[in-house]
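Just the heavy atoms: all of them, side chains too, but no hydrogens, waters or symmetry mates, feed the values below.
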Amino acid sequence: METRSVGILLFDDVEVLDFAGPFEVLSIAGFKDREDVKPFKVETVSETGKSISARNGLQVVPDYSFDTAPYFDILIVPGGPGARLTELHNNKLINWIKEQDKRTEMTTSVCTGALLLAQAGLLDGKKATTHWASYDLFADLFKKVEVVREVKFVDECRIVTSGGISAGIVMAFHLVERLVGIEEKWMTAKRMEYDLPEDK
């Protein structure tokens, strides 16, 4: 049994459920036979490490800045207006994602966070998904990515992308199943009183 470090990227105008949903799922997940050991240690990081203003004004203080953050086993890149309008053009953030990806076991995105992974070149030649309202933008901007529509998530082994907002919760349960086991996925859902869909 091992504890994997999970880093969730934050920035201004990030969609709240994009990061809070996966944070909740992975933080609650456990091991069947070891209550004293958690499979995931979930932390947050932003460019400066200072408080960010998420969508609709929620203030969040990250655990790390880019300069102080460790390398994570799993990176989660959420979306929201800040992703597509601002961070897509933030070279420092894009380069940080690239550097993290060199060491991660898995790099994932929620919603329009997929645009940031694509901008970093991590989705070239791969299938990926995003929020339904950004399918066309995604396809227009990144010709080397095969955009998959009408799914909750796309698993390309090391890279997993999910649809918009609440789809990130479904993706997080998928990570629990892949890395811990299907029993723990359903147990975590039960703890959360969350009704999992039967398919993607």
For the pair [X] (side chain) and [Y] (backbone), establish whether a donor and an acceptor sit closer than 3.5 Å, ignoring hydrogens and angles.
| X | Y | value |
| --- | --- | --- |
| R158 | T104 | yes |
| E87 | L85 | no |
| D155 | V160 | no |
| Y194 | V170 | no |
| R178 | C157 | yes |
| T108 | V77 | no |
| T44 | I8 | no |
| T68 | Y64 | no |
| K38 | I28 | yes |
| E15 | G79 | no |

Using the rule that Ile, Leu, Val, Met, Phe, Trp and Tyr join whenever any side-chain heavy atoms are under 4.5 Å apart, tell me whether [X] and [Y] fall into a single cluster.
| X | Y | result |
| --- | --- | --- |
| L58 | F23 | yes |
| M106 | I182 | yes |
| V25 | L196 | yes |

| said: Using the side-chain contact (heavy atoms from CB on, under 4.5 Å) definition, which of the options I76, L17, L175 pairs with P22? | reply: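 Answer to the side-chain contact (heavy atoms from CB on, under 4.5 Å) test with P22 among I76, L17, L175: I76.
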| Is any side-chain N of the basic residue among R149 and D136 closer than 4.0 Å to the acidic one's carboxylate O? | yes
| request: Answer yes or no: is there an ion pair linking E184 with R191, defined by an N-O contact shorter than 4.0 Å? | output: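 Salt bridge flag = yes for R191 with E184.
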| said: side-chain contact (heavy atoms from CB on, under 4.5 Å) for Y135 and T130? Distances and angles first, verdict last. | reply: CA-CA 6 Å; Y135 287 155; T130 188; 4.0 Å; yes
| request: Would you check, one step at a time, whether the test side-chain contact (heavy atoms from CB on, under 4.5 Å) holds for V110 with S162? | output: CA-CA 5 Å; V110 181; S162 79; 3.6 Å; yes
| message | For a side-chain contact (heavy atoms from CB on, under 4.5 Å) check, start with the C-alpha distance between K98 and I94, then their side-chain angles and the critical distance, and finish with the verdict. | response | CA-CA 6 Å; K98 288 181 185 178; I94 298 302; 4.2 Å; yes
Quick check for you: to the nearest 0.5 Å, what is the distance between [X] atom [atom1] and [Y] atom [atom2]?
| X | Y | atom1 | atom2 | value |
| --- | --- | --- | --- | --- |
| I97 | L116 | CD1 | CG | 5.0 Å |
| S166 | D18 | OG | CG | 9.5 Å |
| H174 | K185 | NE2 | NZ | 9.0 Å |
| F11 | L93 | CZ | CG | 7.0 Å |
| T3 | K41 | OG1 | NZ | 9.0 Å |
| T161 | E156 | OG1 | CD | 8.0 Å |

| query | Between E99 and F66, does a side-chain contact (heavy atoms from CB on, under 4.5 Å) hold up when you go through it step by step? | reply | CA-CA 11 Å; E99 287 303 310; F66 287 175; over 6 Å; no
Within-4.5 Å side-chain heavy-atom neighbours: [X] and [Y]:
| X | Y | value |
| --- | --- | --- |
| V14 | L9 | no |
| T112 | L137 | no |
| F40 | V176 | yes |

| task | Count the heavy atoms belonging to other residues, nucleotides or ligands that lie under 6.0 Å from CZ of R103, then report whether that count exceeds 12. | result | no
| query | So does E105 have more than 12 non-hydrogen atoms from other groups sitting under 6.0 Å from CD? | reply | yes
Where [X] and [Y] come nearest, the two heavy atoms and their spacing:
| X | Y | answer |
| --- | --- | --- |
| L88 | L141 | CD2-CD1, 4.0 Å |
| P62 | G49 | CD-O, 3.7 Å |
| T188 | G30 | OG1-N, 4.5 Å |
| A114 | L123 | O-CD1, 3.4 Å |
| D12 | S53 | OD1-N, 2.8 Å |
| S46 | K50 | OG-O, 3.7 Å |

| Do we see a donor-acceptor contact under 3.5 Å between the side chains of D73 and S5? |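 Judged by distance alone, the side chains do pair up.
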| field | Results of salt bridge (Lys or Arg N to Asp or Glu O under 4.0 Å) for D13 - residues two or more places apart only | value | none
| said: Which label fits W96 and F72: parallel for a plane angle under 30°, tilted from 30 to 60°, or perpendicular past 60°? | reply: perpendicular
